[in-house]
Protein chains: 2
Amino acid sequence: MSDTPDQEAVARVWSAMYDLVLRQEDRRKEVAETLGVSFFRVKALRRLLAGPKTMRELTADLSTDKPYTTLMVDDLEQRGYVTRSVSPDDRRSKIVTLTPAGTAAAEAAERILARPPRSMLALDPGDLATLDRIMTSLRTPS
Amino acid sequence: MSDTPDQEAVARVWSAMYDLVLRQEDRRKEVAETLGVSFFRVKALRRLLAGPKTMRELTADLSTDKPYTTLMVDDLEQRGYVTRSVSPDDRRSKIVTLTPAGTAAAEAAERILARPPRSMLALDPGDLATLDRIMTSLRTPS
DNA sequence: TACAATAATTATATTCGCATAACTAAATAC
DNA sequence: GTATTTAGTTATGCGAATATAATTATTGTA
């Protein structure tokens, strides 16, 4: 009955959302070109905005492998976006920290990615409020 | 006043949508692994579901370059997913067409990608209908 | 007919991300 | 106190995607 969701509507909504994010408003190339590094490196910088991380944590966050993290951090270090320091707790661990330049780059990426679609800015205020409420509920799976 | 959109709400909504599509429900790896080809090739197959395309059109659709399209179509042809044929209109052009196996693969990809998030299936019917209406309006930029 | 433009291919090089194995240094367990 | 585990690095190779130049075949045009 009413607790059976309208499969077609769900499919339509999901497809529209997917399309909007990945087809109409895909800014990954723009971000990578603006910062002059690959999108994957941008992702690393953005993760570090939340605070310094060990190589191990960064590897897990990006779901990549340790050797590649080493190479990538080497590169980001050379570009002056991050620094590596030995952890005071565990001298095996190294802590990767954003430099001011790295923070600026990550924030520039955030700004580009956060820029909403034009159509969303034109939404009716009531619809926007409703959408806000619904999206919040979707984000955290019930 | 009311025609000034709530910037914060817009940002929140867009971020939630971006997150849902790219973080929580990213099926690109799953699709690529299931079909045994890169996601980029999957994208090519999916584009061909709409009908045969020339190499040139496919190149434009995927925003790649002609040499790479040649290589990719070579590969898809070897795998039995597409065929190449000379265009009757312009003998310089080649038309890329999905084989039955290619169509099946593309449809399998569609099914995986179209699978909506669990949280969306649990939506209140009224909210779903509203979301459906709003997403439709967002998809086609006003 | 000669010349320019277009569609596709071939060849070559580079970057990026992924994977694996081998290694060093430090911490932990027995 | 020796053995094992863990964090990170080094080395090597591979496939995917991008880029550029050169070539062939065909079409369109001066």
Side-chain angles (χ1 to χ4, degrees), chain A residues 22 26 28-48 52-79 81-97 105 109, chain B residues 22 26 28-48 52-79 81-97 105 109:
Chain A
L22 278 172
D26 188 0
R28 287 174 296 180
K29 255 180 197 166
E30 184 187 344
V31 169
E33 277 166 19
T34 302
L35 301 207
V37 299
S38 73
F39 187 72
F40 196 67
R41 272 143 229 241
V42 173
K43 204 170 164 185
L45 293 175
R46 293 174 65 215
R47 292 301 175 97
L48 289 170
K53 286 185 194 299
T54 63
M55 296 293 285
R56 188 182 172 283
E57 289 167 333
L58 198 54
T59 300
D61 267 22
L62 301 172
S63 50
T64 181
D65 45 276
K66 285 188 289 183
Y68 190 63
T69 304
T70 295
L71 290 181
M72 192 176 53
V73 172
D74 282 351
D75 179 54
L76 292 176
E77 205 174 16
Q78 278 190 331
R79 290 171 192 270
Y81 286 161
V82 302
T83 56
R84 247 189 278 232
S85 58
V86 174
S87 166
D89 300 333
D90 183 340
R91 290 178 53 204
R92 288 171 303 179
S93 281
K94 298 208 177 149
I95 295 176
V96 185
T97 309
Chain B
L22 278 171
D26 190 357
R28 287 174 297 179
K29 254 180 196 165
E30 184 186 344
V31 169
E33 277 166 18
T34 302
L35 301 207
V37 298
S38 72
F39 188 70
F40 196 67
R41 271 145 230 242
V42 172
K43 205 170 163 184
L45 294 176
R46 292 173 66 215
R47 291 302 174 98
L48 289 171
K53 286 184 193 301
T54 64
M55 295 294 284
R56 189 183 172 282
E57 290 168 331
L58 197 54
T59 300
D61 267 23
L62 301 173
S63 51
T64 181
D65 44 276
K66 283 190 288 184
Y68 190 63
T69 304
T70 295
L71 290 181
M72 193 177 52
V73 172
D74 282 351
D75 179 53
L76 292 176
E77 205 174 15
Q78 277 189 330
R79 290 171 193 269
Y81 286 160
V82 303
T83 56
R84 247 189 279 233
S85 57
V86 175
S87 164
D89 300 334
D90 183 341
R91 291 178 51 204
R92 290 170 302 180
S93 284
K94 297 209 177 149
I95 296 175
V96 185
T97 309

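What you are looking at is a predicted structure, and each value in this text was computed from that prediction instead of being measured. Here is the naming used below: chain letters follow the sequence lines, and residue numbers restart at 1 for every chain.
The side chain of A:R92 places no N or O atom within less than 4.0 Å of a non-bridging phosphate oxygen (OP1 or OP2) of D:dG8. Residue B:S38 places at least one side-chain N or O closer than 4.0 Å to OP1 or OP2 of D:dA17. The phosphate of C:dC18 has neither OP1 nor OP2 within less than 4.0 Å of any side-chain N or O from A:K66. Checking the phosphate oxygens (OP1, OP2) of C:dT6, no side-chain nitrogen or oxygen of B:S93 falls inside 4.0 Å.
Rounded to an integer number of Å, the gap from CZ of A:R91 to C1' of D:dG8 is 14 Å. Between B:L76 atom CG and D:dA17 atom P the separation is 10 Å, expressed in whole Å. In this structure, CZ of B:R28 is placed 13 Å from P of C:dG17, rounded to the nearest angstrom. Put simply, CD on A:Q78 is 13 Å from P on C:dT15, counting in whole angstrom units. The CD atom of A:E33 sits 18 Å away from the P atom of D:dA17 (whole-angstrom rounding). Distance, A:M55 CE to C:dA26 P: 17 Å, rounded to whole Å. Note: CG (A:D75) to C1' (C:dC16) measures 11 Å, nearest angstrom. Computed from coordinates, the B:R84 CZ to C:dT10 C1' distance equals 12 Å when rounded to whole Å.
Side-chain atoms of B:T83 and B:V96, non-hydrogen and from C-beta on, never get closer than 4.5 Å to each other. Put simply, the side chain of B:R84 reaches to within 4.5 Å of the side chain of B:M55, judged on heavy atoms. In this structure the side chain of B:M72 never reaches within 4.5 angstrom of the side chain of B:V37, judged on heavy atoms. Between B:P88 and B:I95 the shortest side-chain heavy-atom distance falls below 4.5 Å. Annotation: side chain of B:L62 is in contact with side chain of B:L58 (closest heavy-atom distance under 4.5 Å).
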Name the pairs: protein N/O against N/O of nucleotides 18-23 of chain D, kept only if under 3.5 Å.
from, atom 1, to, atom 2, distance (Å)
D:dT18, OP2, B:T64, OG1, 3.2

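No more than 12 heavy atoms of other residues, nucleotides or ligands sit less than 6.0 Å from atom CZ of B:R56.
Judged purely by distance below 3.5 Å, without hydrogens or angles, the side chains of A:T59 and A:T69 pair a donor atom with an acceptor atom.
Counting non-hydrogen atoms under 4.0 angstrom, A:T54 reaches the backbone sugars and phosphates but no base.
Taking every side-chain heavy atom of A:R56 into account, D:dG8 is the closest of D:dA16, D:dT27, D:dG8.
The nearest heavy atom of DNA chain C to A:P88 and to A:M72 marks one nucleotide each, and the one closer to the 5' end goes with A:M72.
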